[in-house]
Amino acid sequence: MRYDFIEKDDKIIMKDISNFEPKHVFECGQCFRWNRENDGSYTGVVYDKILNVKKVGNDVILSNTNKEDFESIWYNYFDLDRDCDEIKAKLSKDSILKKAIEFGEGIRILRQDEWEILISFITSANNRIPMIKRALETLSEKYGRFIDEYNGKKYYSFPKAKDLNSLSLDEIKKCHTGFRGKYILSAANIIENKEIDIYAIKNISTEDGRKELLLFPGVGPKVADCILLFSMNKPDAFPIDVWVKRVMEYFYLDEDTNLKDIQKYAQDKFRELAGFAQQYLFYYARELGIGKKK
DNA sequence: CGTCAGGTCTCTA
DNA sequence: TAGAGACCTGAC
């Protein structure tokens with residue numbers, strides 16, 4: 001294990017940890033079900049577990065958990081085996097990324113559930129982050145499973161494909177999903193009918209995985225790359241949303257470069273680390289409003 | 001009241 | 001193969 005930890009009460013304390021900044025991890029655009037608390041910590045639901053993550057000095061404290069879950073779930077979920085120093089060193093050779101990395105120090109790419117990420121990023125298309133979060137929370141409250149109450153709030157697991165499969169389109173649209181409702185429903189149908197095994201895609205190449213994901217209605221190149229990067233451990237995927245487009249054009253390319261050319265440029269430049277570069281650039285661009293017209 | 005948001009789909013040339 | 005429009009919805 002790359003990180004030492006101690007167990008105390010219902011907490012796991014990772015001492016003197018580097019490359020783990022909760023704000024940057026949970027607000028770099030990869031997840032929607034982690035929320036900031038008044039004390040600056042973050043609480044989220046993963047599978048059927050509720051976890052709170054807080055940084056205190058140089059320690060990261062995971063609350064409402066235990067050693068068994070840390071070893072079987074959280075160590076993998078937070079990708080704690082990753083050598084972030086090596087990635088940062090390689091990417092820092094580029095002067096722009098060097099700045100983005102300093103700015104987003106401690107970003108980690110989570111290893112999230114494939115199905116949940118598929119639905120989450122289908123919901124993200126032409127949408128706003130607060131609305132995406134609301135839609136996913138409503139789906140969970142209505143069709144997920146009640147887990148527990150934690151610090152006065154109720155938490156629900158994300159619904160499974162079989163939970164959504166039998167619903168009507170109207171029921172899904174009542175969860176604030178809008179025109180994406182039909183895509184969510186058909187994704188549930190495709191998974192339940194075993195037309196596509198979403199959990200097998202991580203075992204094939206990034207390129208083949210992308211092709212497979214594009215078979216889902218509502219999944220285009222950007223959403224497919226998000227799924228590959230955020231749930232299938234494919235760090236060479238490079239999702240291009242409006243922010244990444246802006247930041248790439250601002251620093252590296254001409255204005256109005258088409259998406260395919262940006263994609264090619266990024267893959268050639270960042271290669272197997274493109275996804276990590278994307279996360280740093282995205283966070284940098286969005287927090288500073290780089291390239292935003294106005 | 002228009003505008004627009006972490007894109008994708010559909011239709012046209 | 002590329003480019004323009006439409007698209008749920010609700011905050012501003």
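- Between the P atom of dG7(B) and the CD1 atom of I119(A) lies a distance of 18 Å, rounded to the nearest Å.
- P217(A) comes within contact range of the sugar-phosphate backbone alone, with a heavy-atom separation under 4.0 Å but no base atom that close.
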Dot-bracket notation for DNA chain B, counting Watson-Crick and G-U pairs under 3.5 Å, with | for partners on another strand: .||||.|||||||
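- dC9(B) and dG10(C) are spaced 23 Å apart, taking the C1' atom of each and rounding to whole Å.
- Counting to the nearest Å, the P atom of dG7(B) and the CZ atom of F121(A) are 11 Å from each other.
- Rounded to whole angstrom, the span from the CD1 atom of I132(A) across to the P atom of dC4(B) amounts to 18 Å.
- Spacing between atom CZ of R286(A) and atom P of dA5(B) amounts to 14 Å, rounded to whole angstrom units.
- Here the separation of dC7(C) from dG2(B), taken at their P atoms, is 16 Å to the nearest Å.
- Ion pair E86(A)/K90(A) flagged as a salt bridge, since at least one NZ, NE, NH1 or NH2 atom sits closer than 4.0 Å to an Asp/Glu carboxylate oxygen.
- In the model, N19(A) has a side-chain atom that pairs as donor or acceptor with a side-chain atom of K88(A) under 3.5 Å.
- Remark: K269(A) engages D94(A) in a salt bridge, criterion side-chain N to carboxylate O under 4.0 Å.
- Going from atom CD of Q263(A) over to atom C1' of dG7(B) covers 14 Å, rounded to whole Å.
- The distance from atom NZ of K260(A) to atom C1' of dT1(C) is 8 Å, rounded to the nearest whole Å.
- Nucleotides dA6(C) and dT3(B) place their C1' atoms 15 Å apart, quoted to the nearest Å.
- By the stacking rule of 5.5 Å between ring centres and under 30° between planes, W243(A) does not stack on the base of dG6(B).
- Both V46(A) and F20(A) belong to a single network of hydrophobic side chains, linked directly or stepwise wherever heavy atoms of I, L, V, M, F, W or Y lie under 4.5 Å apart.
- No contact: P130(A) has no heavy atom under 4.0 Å from any strand.
- Rounding to the nearest 0.5 Å gives a distance of 15.0 Å between NE2 of H176(A) and NZ of K133(A).
- L185(A) and I119(A) fall within a single hydrophobic cluster, where Ile, Leu, Val, Met, Phe, Trp and Tyr side chains are chained together by heavy-atom contacts under 4.5 Å.
- At the heavy-atom level, Y183(A) lies under 4.0 Å from the strands shown only through sugar-phosphate atoms.
- The CZ atom of F238(A) sits 17 Å away from the P atom of dG6(B) (whole-angstrom rounding).
- Under a 4.0 Å N-O distance rule, the pair E102(A)/K98(A) qualifies as a salt bridge.
- In the hydrophobic cluster analysis, where Ile, Leu, Val, Met, Phe, Trp and Tyr join through side-chain heavy atoms closer than 4.5 angstrom, L80(A) is grouped together with Y42(A).
- If you find the closest nucleotide of DNA chain B to Q30(A) and to V219(A), the one lying nearer the 5' end belongs to Q30(A).
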Strictly under 3.5 Å: I want the nitrogen or oxygen pairs between protein and nucleotides 6-10 of chain C, one per line.
residue: dC8(C); atom: O4'; partner: F179(A); partner atom: N; Å: 3.0
residue: dC8(C); atom: O2; partner: R180(A); partner atom: NH1; Å: 3.0
residue: dC8(C); atom: N3; partner: R180(A); partner atom: NH2; Å: 3.1
residue: dG10(C); atom: N2; partner: R128(A); partner atom: NE; Å: 3.4
residue: dG10(C); atom: N2; partner: R128(A); partner atom: NH2; Å: 3.1

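- dC4(B) and dG5(C) have their P atoms separated by 14 Å, with the value rounded to a whole Å.
- In the model, S41(A) has a side-chain atom that pairs as donor or acceptor with a side-chain atom of D39(A) under 3.5 Å.
- Interatomic distance, CD of E249(A) versus CD1 of I262(A), reported as 4.5 Å (0.5 Å rounding).
- A salt bridge links K15(A) to D59(A): at least one charged side-chain nitrogen sits closer than 4.0 Å to a carboxylate oxygen.
- Using a 4.0 Å heavy-atom distance criterion, G218(A) is classed as a sugar-phosphate-only contact.
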At a cut-off of 3.5 Å, list every protein nitrogen or oxygen paired with a nitrogen or oxygen from nucleotides 10-13 of chain B, distance to 0.1 Å.
none

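- Between the CZ atom of R246(A) and the C1' atom of dG7(B) there is a distance of 13 Å, rounded to whole Å.
- Electrostatic pairing of D236(A) and R271(A) does not count as a salt bridge here, judged by no charged N lying under 4.0 Å from a carboxylate O.
- Between D241(A) and K245(A), no side-chain nitrogen of the basic residue sits less than 4.0 Å from a carboxylate oxygen of the acidic one, so the salt-bridge criterion is not met.
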